[in-house]
Structures are given as structure tokens and as C-alpha cells.
Amino acid sequence: MASTSVSTAASWTSIPDADLTVHRVHELLDPIEDDVWVAAACVDRISDNVDIQRTLLHNGLTRTNRAVERCKTVLTSASSTSENNAIDLLLSHFHRSHSDAQLCCLRTLLLERLDRLNTYIEICKEAPEDTTVEDDEGLAEWEDDPWAEGAESGPTSRAPRPSPSVSRPPITLATFLTADLFFLACQLATEQWFGALRALFMRHFPTLHPHRFHILDRIPEHVHPLEYRELLPALDQATGMEQVTPYKPWREELDVVELSRVRAALVTCNAPMSSSEPNALSNPLHADELTRWYKSWVDRIMNVTGMVDRALALVQHGASQGIPDLDELGEELLLLSRLVYETPNPQDIEAADDWTLAKWRTMNPSSVISAYLAYSTPEELPRDISRLVMPYIFVLEARTERNGSSDPSLPKRLLYDYILSAPLDNVAAIFEASKPTLPAAQRLIRDDEDMARLALASLYGSNSLTEWSTMSRIFECLPAWNISEDADDDAADTTVLLLGTFVVPSPSRPDVTTSDLLVFFNPLPISSLSRLLDILDVHLESGEILWRWNVPAPLSWFLRSSSEINEQRAWANRMARRAGGIEDQPKTLDDWEWLLEDMLKLSGRGDTGLAGAFGLLPRDEIARIFLSGLLSTGNFTVAKSMLSPPRKKLDLEPATVEEICLACSREFYDNASSGNYNFGEMKLAYECLDVPISSENTLKEKEFIEATSRISSFNVTSRPGIPISPIEIRITKDRLSLVSRVLSSNGDAYKHTEVILDLCCKLGFRGDAVAEVRVLAMLADTALQSEDFERAFEASERMIAKVISFQKSLPEDSEDPRLVDAKEVCWVACFQLGRQPEFDQLQKKLFLLGRALEFCPADKLHDILTAWRRLEKEDIEMRQERLTRRQNGQMASDRNVKHRKGDLTTNVAQSLRARLQEIHMPSPPLLSTPDAAALATKTFQTVAANFPFSVGSRGRSLRSDTESKGSRSSSHLRFDTEEVSAQASRVISKGIGWLIGTEGD
């Protein structure tokens, strides 16, 4: 190389790329004579300026022309020889002229770059039409605002991403000229420069075709397939193979250096070659392979983005390109797209389902229909069924026909299944869109009989208690048939009976579904269906009445109770007791009269002769149930008004009214928490007895309530600290024990003799002499325990008088067991008080012991006589003291005392004599029992056991004579066993004889 060329070459290597121009390229390279150096310099220097780069490439190619001509000469001379000979000649030439080999290699690089330059220019023209970015500042704006301002809303209206402008494509020229074509294609696919990518495929097809599917995989899944539809594979219908994309190279004929012989020679001599060598075309795919690719791409779109419209567009394009077996996938995506984009949206967006193709494929038809209509309002439902559900059903029907398993009942079955499971509001909307008055083409349900069956199953299968207006809307849409009155109703009545049993819950079938009920209605003819609709009409009317009075029942209850009188009676009682609209119980007489009219209406039969909800109950029982319910609310004034003129509505016998009032009063009583009859349930129990005409039964019940209130006022407890409840008082078997509890719970209660006796009468013992005797005995005993001997004696006197009066009221020689009980209680009480040492009224004690001897049985005489003898001894000692004190001047007084004592003794003796003769007193030897003390103890224990009340610590048993020294009575006179035995012997010989007048003083 000459010095001038060296200087120019140095200038070339030192000049920056930014200062390089077309003129400078010619100015610096043209003077250099070394073709290899210039060609290498043109290959080495890469510019992002198209004009400069083109100048470099043309300049470099010009320097390789002479070498190419020499190669052509070699090839021309070897044209008649074989391929191998031609390669050998070229190798020989390249060995002789190494520079030609270098120039040929450089030429291959320059030609490839020239092709890429032309492609680059074409790519720049293929920029997206909506390119808005011109510079870096504009690019920054795009990154901050990913959505184009003013973009339309909707699932497919996402604003297109801006692409670089024509002046600045996504790849620089320098990169485009040197990078791998596969890498460039992938980047263009990622950047969504689909026009550029198409141009790249068209110009460099041999290189990119084997990698076409890898390049397509780089396209973002959210991009709409129509934007890159020209890149998608298609099917050649003639061959059944993949259609080959048209190939348009920049040069129709290959250059010399691109010939296979030249390239082989260059490779053999180890000359540097272009990195992008032409590749042989890969085999096109078969039709089924293309189908698999499209399906996999659909799955990828769905899994990554869930954008059904993109997947559908891909399948539709593939089908338009002849790809087989995409029809069914297209149907699924079309139906799924309607579910995603055309169904109503839920109010809560977060509650919306995340639909995927995999989820769709797992759903059965019923689930799909439910999903289509999940958020449809009743107003929108008929339209949504027509535009969403019916097309889906038609697709399923067509699919079964294609599969050879045609099912003509499929459309009906799926629609009917939805109706049976839908809410009543939706069912009503469907039936209103299926009225028999509408044209058949507009009706959703076109079969009148099916409408009746579906309505019966839906209504009787519903558990709703409030949607009566909706149920009526459904009924109003049903067909009306002109059926002869002579038609056979046995099938309908039998169906009702069977359903009444079937709808009863059981462990094996806790709930009955509408589908289960439809089985019963399917085989019925029109006449039976018409009869069942009449029954349904009655049941709906009855249901509305029950709902109005706040005792609603599901329609299935009417089937269950149609032959069960107990069910009807229970519901009638509930209606009467819980009566009163939705908000409150009725307050006025008019409200109660309305309720009675409705209850009687439910027990009657309408124009059709069909029984209502209470059809098995007679009218008088309805009246009884109504009165009971009215009384249970405490509206006694209303009850009296309805039982008496002028607004008498209840025609019941007085005895029936009394029976009902007594039952309601006792119900109030049993539920009362307090016995005070001035408030609460007890007050209602008392006032309820004023409703019927006064009678012995009502008075007796009122007295019992008064007695309960009085017992409660004495603070009687059932357990420590817990007052006795009214129900405990009622269930007490021995009600006299309640008197005993009153006396034991209140220390001063015994002082109110009349109150206690009145309590006894009101407890149900009015006129019962034995009960009164027992109560007086309790009073005497309680007073004795309190050492109130005067009140104890007064109670004993009244008790004795009551026994005598009761005895006189009976026939002579009567053995009435009640008299025996009264005497038993009386003599024990008299004996108790008469033998008390603390009671210092000797004459009264003698009087009590005398009455005890009069009333006691024969085997108890010995015990009482022992006490009597003791009192006699005390009396004698007292008289002796008085005689000693009054010896001087008081003889007359002593005689008077003796005379009175003699009179008393005489009177008692006469009474005892009569008593002994009456009971045939045994001979004295029989009375001289060896163990008199044991006999006395046993005898009084037997007597005391007959008391209806407990015995206290003193004066309550015969053990007072044998108490321990620590007792209060230990200081008084006691008798041991020997003394009792001696007294018994003396009684035989002297005491009894003296009492009966056979022995003197």
C-alpha cells in the first residue's frame, strides 16, 4: 500500500462514526487501491445511518467485483466437469490468490448486510399506524400512561400500545445488521411489530421458517389474534399439510459467492463466512399437528390472561384457514364468551367468578345454565333465557346429534330442571313469559300440561312462608281446562294422599325436592291436573289466611294435613293463640271477629266442594279452639262480648264455655311465677273465671286461687330461699300438708284461727269435717309448741265440738270411716295437751283427758288412765294443801271444793262408765299387763303416727315422760318402769273401779 493510501487508511480508522458522511466515505476509501482492505473496512464499519451504510456496502461490493469475475472464469472453465472438479479448481484458484478468497468471503457478508438493510428499510415502513412516540420524551410519557386517553371501554377495547415511529424502529440498524435473525424476529414479535415481522419472514424465509412457532410464542397473549393473523399457520386443503408462506428474496438470482460450489470451496480453505447461512426448509406440519398447536395456543391465552374473546378469535381464524377439529372448541369458547361478556354482572364485582376454559369443561349443563342466569333479575330473566340459555341448549342438542346419541327431550329437560331449582320470583317471571294466551313462538314453556306439572312441583316443593303473592302470580299464569264435572277425580285425590305421606320428613329423606314431586305429577292426565289445580287454589287461599294471622305454613303442610285431623287441630290452636297480623296481636273486637270468620272459612268447603286447611274439624270445635285462644291472650272483655248478645258470635253451651274457661284458667295458673292473684298470670287465671256463668266449679277454682295467693303471702318455701310455686301447690297430693307448712313457716300463723280455717276451706275442703278437725289439731299442736296453752285449749275445744257435731249428723251406730279418722285425731290432740305438765289448768286438762277417753279406741284406755291417775293425785295433794291452810275458818270453802270435785268426778265417772259399757271393757286381769311402760310407749307412738303433721320437740309424743335430763321437761314429774307397773296394778283394783262408781273415796 502506497504512503498516500496509508495516510488515508489512518484517517479512516480515526474518524468517529458521528462525523462520517457519504462524501467522506468516498473521499477516504476511493483513493485506497487495496481492495481487500477497503472491503474489510466496509464490513468493519457499521452505521445507524441508512445512506451511509448503503454507501459502505456498495463501496465494499464494488471492490469485490474483480475477484468475482475471476471466480466466474474458473467456474466457466469447469462448467463441463463435475461438481467436485469445480470445487477443486476453485480451491486451487483460492490457494493461488488468497486475496480472492478473502474478497469472496467479505462479499458474502456485504450481500447479507445489503439484504438486511433493504429489509430494515421495509420494516420501518411497517410501523403500526397508531405510532405516537417520536423521541425519548414521548417514550417516557407512554411508560407513565399505559392507556391511551379516550380509549373505549369494554373487554376488547384496550388501547393499543404505541409503537416507535418510522424514524426510530425498536431495533437500531447496527443491531439489525449484525444480530441473529431469530433473535430479531423474537424481538419484533415481543414489540408487536407484526408488519415488520411479516416482512422479515417474507424476505428471510429460509432462515426463519424452522423457528416460526418459537417466534409466534413470543407474541404477548393479550394481543388480539387478528393483529397477527397473517403470521398464523394455515392449511393447504389440496395437500392436507401446512401452507408455505410466499418467499420473496431481494435478489431473484444467487450471487456467485452464494453458489454452493463456491461456499464449499471457501469453507474448505477455512475462509471466514457469514454467520447466517441459508437453512433448508423444515417439513410442513400435518393437519392434526396444526390443530394441536391452535388448541395449545388457546389454552395458553386462557391460562395467562383469561381473555375468552382473544381465544375465540384465534379459533375462528384457524377454522377459516381450514384447520380441522376446531368447531367444538369454537362452540365452547363462544358459549363461554357469552357467559363472561354478556351475562349481567353481580353488584359486588369481587364476588364475580373467575371463569376459565378448564372450569367450563368441568361444568355440567345444569351448572352452566345456572351460571348464565345467576345474576339475572326477574325482569331480565326471560330475555336472558332466550338469548343465552336457548342457544346453549341448541348447541348441546346439535352436538348429541353429531355424536349419534340424539336426545329430543334434552331442551325441555334442562329448562325444566332450572325452573324446578329456581327461586319463586324467577319461576313467576318464566311462567308469565309462557302464558297460554301468548303466541307459541314467544312462550318459553309451550306445553300447557307441563306448565301445570311444573307449577305444582315448584309450589308444593317450596318451603317459603312469605311469598304468597308470587305464588298467586304463578297460579294465575296456569291454563284453565273445561273439564266435565263427571270426570274421575280418584287419581288426583290418590295423588294428594300419597304426597301427604311422601312429604313427611324422615331420617332417610329429610327434604323432599321439587324433582321428587314432579315424578308424582308426570303421569297424570289433564282431568287430574285440573283437579289438582283446584286443590292448589284452595291451598293458596288457605296459606294466605294463615300468613295473614302470623301462623304461615308451607304448601307441603296442606298435603300432609289433608287427612290428619291432629295436624289441623294443632295448627288451629296455633292460629287462635298466635292470632294477630304480622306486627301485633289484634286488640279490637272487630279483629277477633275477623279471625273467627277466617277460621270458620278454613274449616268449610268452597264452591268447588274442596275442604280448607281445617276441613276435618267441625265448626263447634273451631269455636272451642277460638275461644281457648282468645282467653289465652287475656282479652276477657272481648270474650264476654262474643259470648253475649248483641254481638254474640260464639254459639257454645254454657257447660262448654265453663270447661274451656277452667282449662285456660288452670293453664294461666300453671304458668304463673308468683301466687299473688293481683298481677301476672295468676291475675289472668282468676279473671278468666269471670267469663262463664258463675257455678260451683268456677267458685271452687277461684277459692283455690285465693288459697294459693294466701299461701304465697305466708312466704312458704319449697326449698331454702325459694318460694313455693303455684304449680307445686297444685300438684301437692295432700293439700292439708300445705296448711301444716304455713303454720311451720310462720310463728304467728296459729293465732289466726279463722284465717287458717278459711284457707282449709278454699283448698277444697269446704264442708269437710274431718279436714277441719285435722286443721284444728294442727293449730292446737302449733300453739302447744309455742306454749300458748290457752289458744291450744281453744282449738281443742272447737275440735271436740266439731267431732261431736259431726257424730250427731250421722246415723246412730254408724261406722263411717271419716268419723273414725276425726276421733283418732281428736283424742290424740286432747291427750297431748291434757298431759302437759306446763299447762297448769288442772280442770281443763281433766276435761281434755276425759274427751280423750271418750274418743280413743279400747286399746289406748290404759295409757290415758295413767295420765288421768297422775292428775288425780296432783288434785288430791292440792286439795290437802288448801285444807291445811284453811283449817281454821275455811271449812265451808273446802266443802265446796270437795263438792265441786265430787260433781266433776261423778260426771266423768258416769261418762266413762257409759263408754266402758259401750266398748265392753275387759276384766281387770287383762289390764294388768306385765310391761305397762312398753305398752304405753307403743300405744302412743301408734296414735301419734296418725297425725298429718310433724311432731315437735315437746308435747308431740308420749316420749315426754322419758326424755333426757337435758330437756325442758326433765324437771317435771317422770315415771319409771316400776312406777308405771304399780300404777297399772292399782288401776285394775282401784282406779277404774272408783271411776265407774264401785269404790268410794
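One is the number of the first residue; the rest follow in order along the sequence.
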Exercise. Do Leu396 and Leu414 come close enough that some side-chain heavy atom pair is under 4.5 Å?
Worked result: yes
Problem set entry | Pairs involving residues 55-67, ordered by first then second residue, that meet salt bridge (Lys or Arg N to Asp or Glu O under 4.0 Å) (sequence neighbours left out) | Asp35-Arg63, Asp35-Arg66
For this session: Mind jotting down which residue pairs meet the salt bridge (Lys or Arg N to Asp or Glu O under 4.0 Å) criterion with at least one end in residues 195-210? Sequence neighbours excluded, please.
Result: Glu122-Arg203, Glu126-Arg198, Arg198-Glu230
Problem set entry | Rounded distance [0.5 Å steps], CG in Leu216 versus SG in Cys186 | 9.5 Å
Exercise. Atom CG of Asp100 and atom OG1 of Thr64: how far apart are they, to the nearest 0.5 Å?
Worked result: 10.5 Å
Exercise. With a 4.5 Å limit on heavy-atom distance, are the side chains of Trp12 and Val38 in contact?
Worked result: no
Problem set entry | Close side-chain approach of Leu177 to Glu112, heavy-atom, < 4.5 Å | no
Exercise. Considering residues at least two apart in sequence or located in another chain, which fulfil the salt bridge (charged side-chain N to carboxylate O under 4.0 Å, His left out) criterion with Arg218?
Worked result: none
Exercise. Could you give the distance from OH (Tyr228) to CD1 (Ile215), rounded to the nearest 0.5 Å?
Worked result: 14.5 Å
For this session: Would you name the heavy atoms of Val256 and Cys71 that are closest together and state the gap between them?
Result: CG1-CB, 4.4 Å
For this session: Please report the shortest heavy-atom distance between Ile219 and Trp297, naming the atom on each side.
Result: O-CH2, 3.6 Å
Seminar exercise, completed: Sequence neighbours excluded, the answer for side-chain hydrogen bond (donor to acceptor under 3.5 Å, both in side chains) partners of Asp88 is none
For this session: Taking Thr13 for its side chain and Ala10 for its backbone only, find out whether a donor-acceptor pair lies under 3.5 Å.
Result: yes
For this session: Quick one: closest heavy-atom pair of Phe176 and Thr119, and the distance?
Result: CZ-CG2, 3.9 Å
Exercise. Do Arg96 and Ser92 have a side chain donor and acceptor closer than 3.5 Å?
Worked result: yes
Problem set entry | His317 side, atom NE2; Leu326 side, atom CG - distance, nearest 0.5 Å | 11.0 Å
Problem set entry | Residues in side-chain hydrogen bond (donor to acceptor under 3.5 Å, both in side chains) contact with Thr62, at least two apart in sequence or another chain | none
Problem set entry | Note, Leu339 side chain near Val368 side chain (heavy atom, < 4.5 Å) | no
Exercise. Among all residues two or more places apart in sequence or in another chain, which pass the salt bridge (charged side-chain N to carboxylate O under 4.0 Å, His left out) test with Asp325?
Worked result: none
Problem set entry | With Asp17 via side-chain hydrogen bond (donor to acceptor under 3.5 Å, both in side chains) - residues at least two apart | Arg45
For this session: State, with a plain yes or no, whether a side-chain heavy atom of Trp37 is found less than 4.5 Å away from one of Leu29.
Result: yes
For this session: Measure across Leu28 and Ser11 and return the closest heavy-atom pair with its distance rounded to 0.1 Å.
Result: CD2-CB, 3.8 Å
Exercise. Below 4.5 Å, heavy atoms only, C-beta onward: do Trp193 and Ile171 meet side chain to side chain?
Worked result: no
For this session: Please identify each residue that fulfils salt bridge (charged side-chain N to carboxylate O under 4.0 Å, His left out) with Asp288, with sequence neighbours left out.
Result: Arg292
Problem set entry | Shortest non-hydrogen contact between Pro225 and Leu232, atoms and distance | O-CD1, 4.3 Å
Problem set entry | From Ser14 atom OG to Asp19 atom CG, the distance as rounded to the nearest 0.5 Å | 10.0 Å
Seminar exercise, completed: Taken in chain and number order and not counting sequence neighbours, the residues that satisfy side chain to side chain contact (heavy atoms under 4.5 Å, CB included) with Glu332 are Glu328, Leu329, Leu357, Trp360, Arg361, Arg399
For this session: Kindly say whether Asp299 contributes a backbone atom to a donor-acceptor pair with the side chain of Asn303 at under 3.5 angstrom?
Result: yes
Problem set entry | Side-chain heavy atoms of His204 within contact of Leu184, under 4.5 Å | no
Problem set entry | Expected output: side-chain Ser97 to main-chain Phe94 donor-acceptor under 3.5 Å | no
For this session: Give the ring-plane orientation class for Phe182 versus His211, where under 30° counts as parallel, over 60° as perpendicular and anything between as tilted.
Result: tilted
For this session: Any chance you could measure Trp293, atom CH2, to Leu285, atom CG, to the nearest 0.5 Å?
Result: 10.0 Å
Problem set entry | side-chain hydrogen bond (donor to acceptor under 3.5 Å, both in side chains) between Arg107 and Asn65, intermediate numbers included | CA-CA 9 Å; Arg107 185 176 178 86; Asn65 287 337; 3.2 Å; yes
Seminar exercise, completed: Heavy atoms of Ala39 and Leu106 approach each other most closely as CB-CD1, 3.7 Å
Seminar exercise, completed: Across all chains, not counting sequence neighbours, the salt bridge (charged side-chain N to carboxylate O under 4.0 Å, His left out) partners of Glu342 are Arg387
Exercise. Can you name the side chain to side chain contact (heavy atoms under 4.5 Å, CB included) partners of Met241, sequence neighbours left out?
Worked result: Thr239, Pro284, His286
For this session: Begin from the C-alpha positions of Arg310 and Glu221 and carry the test salt bridge (charged side-chain N to carboxylate O under 4.0 Å, His left out) through to its verdict.
Result: CA-CA 8 Å; Arg310 303 300 196 257; Glu221 290 80 2; over 6 Å; no
For this session: With the side chain counted from C-beta on, respond yes when His93 and Thr73 share a heavy-atom pair under 4.5 Å apart, and no when they do not.
Result: no
For this session: Please list all pairs passing the salt bridge (Lys or Arg N to Asp or Glu O under 4.0 Å) test where one or both residues lie in residues 240-252, with sequence neighbours left out.
Result: Asp115-Arg251, Arg212-Glu242, Arg251-Glu258
